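Contents: one structure, followed by commentary.
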Amino acid sequence: NAGVMQNPRHLVRRRGQEARLRCSPMKGHSHVYWYRQLPEEGLKFMVYLQKENIIDESGMPKERFSAEFPKEGPSILRIQQVVRGDSAAYFCASSPSHPDPRNEKLFFGSGTQLSVL
Amino acid sequence: TQLLEQSPQFLSIQEGENLTVYCNSSSVFSSLQWYRQEPGEGPVLLVTVVTGGEVKKLKRLTFQFGDARKDSSLHITAAQPGDTGLYLCAGPSGGSYIPTFGRGTSLIVHP
């Protein structure tokens with residue numbers, strides 16, 4: 001299966017712990033997006049990365065959240081000192097090229113459900 | 001930020017019925033996309049509409065982009081239980097190319 005792979009599917013953390021969410025884009029895709037989904041709020045954009053570069057992080061909280069997409073390996077969304085409000089489904093999507101609103105195709109992974117106790 | 005308002009929020013119908021869901025904005029979009037998301041999975045792209053007035057068909061699903069490119073609709077003919085899911089519209093936000101999503105319409109089709 002050459003789709004977008006996210007792991008883990010479910011992650012349980014206690015308040016104050018760190019959460020690391022991984023995303024391997026589709027083969028040949030060099031652009032990664034992270035979204036957070038809450039039932040009442042829908043999908044909210046967090047960050048857009050290319051290999052080794054953060055292109056747009058306007059949707060990501062300034063504190064405790066960080067993202068990377070190294071030259072080798074998956075993209076990582078890291079949440080430090082988690083709080084209960086961080087509980088949500090986190091989705092990663094990838095695309096093959098520079099985003100073009102007329103032709104953009106985002107391929108989503110199955111998400112990571114983060115639960116903070 | 002250009003907001004996308006979707007209606008209705010919830011829809012519960014019987015198999016065989018027709019339905020239409022809407023995606024509206026006060027802003028003009030260069031394109032709009034429709035996705036379907038099933039429980040526990042990520043959204044899957046159904047279609048992209050680009051030209052004002054454009055109509056695209058995908059089997060029993062008909063997508064229309066408004067003439068002014070501010071709204072879009074999705075019509076499903078003879079709905080089936082397999083159509084159950086969350087239907088999301090998305091479009092590039094402001095000067096960015098990054099898709100912004102509406103909150104979605106949750107559709108349940110009962111056998």
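These numbers come from a predicted model, not from an experiment.
- A 6.0 Å sphere centred on CD of Gln14(B) holds more than 12 heavy atoms belonging to other residues, nucleotides or ligands.
- Distance OH/Tyr35(B) to CG/Leu106(A): 4.0 Å, rounded to 0.5 Å.
- Within a 6.0 Å radius of CD in Gln9(B), no more than 12 heavy atoms belonging to other residues, nucleotides or ligands are found.
- In this structure, chain B has a heavy atom under 4.5 Å from the side chain of Gln37(A), while its backbone stays farther away.
- In this structure, CD1 in Ile98(B) is found 7.0 Å from OH in Tyr48(A), a value given to the nearest 0.5 Å.
- Both Leu77(A) and Val32(A) are members of a single hydrophobic cluster when ILVMFWY side chains are connected at heavy-atom separations under 4.5 Å.
- A pairwise comparison of heavy atoms in Tyr33(A) and Pro99(B) identifies CE2-CD, 4.5 Å as the closest pair.
- Summarising the local packing, CD of Gln81(A) is surrounded by 12 or fewer heavy atoms from other residues, nucleotides or ligands at distances under 6.0 Å.
- Ranking Ser110(A), Gly111(A), Gly59(A) against chain B, the residue ahead of the rest is Ser110(A), based on heavy-atom pairs under 4.5 Å.
- In this structure, Tyr87(B) is a member of the same hydrophobic cluster as Leu11(B), with clusters built from ILVMFWY side-chain heavy atoms closer than 4.5 Å.
- When the side chains of ILVMFWY residues are joined at heavy-atom separations under 4.5 Å, either directly or via intervening members, Leu19(B) and Trp34(B) end up in a single hydrophobic cluster.
- Of all residues in residues 101-111 of chain B, those placing a non-hydrogen atom less than 4.5 angstrom from a non-hydrogen atom of chain A are Phe101(B), Arg103(B).
- Leu88(B) contributes atom CG, which lies 6.0 Å from atom CG of Leu43(A) (distance to the nearest 0.5 angstrom).
- For Gln37(B), the part sitting under 4.5 Å from any heavy atom of chain A is the side chain, from C-beta outward, and nothing else.
- Residues Ile76(B) and Leu46(B) fall within the same hydrophobic cluster, defined by Ile, Leu, Val, Met, Phe, Trp and Tyr side chains chained together at heavy-atom separations under 4.5 Å.
- Heavy-atom pairs under 4.5 Å with chain A were tallied for Gly40(B), Gly42(B), Ala90(B); the largest tally goes to Gly42(B).
- Contact of Phe107(A) with chain B is not made at all, since no heavy-atom distance falls under 4.5 Å.
- By the 6.0 Å contact criterion, NZ on Lys57(B) is open, its count of non-hydrogen atoms from other residues, nucleotides or ligands being 12 or less.
- Leu74(B) and Leu58(B) fall within a single hydrophobic cluster, where Ile, Leu, Val, Met, Phe, Trp and Tyr side chains are chained together by heavy-atom contacts under 4.5 Å.
- Annotation: Arg60(B), atom CZ; neighbour count of heavy atoms from other residues, nucleotides and ligands within 6.0 Å is above 12.
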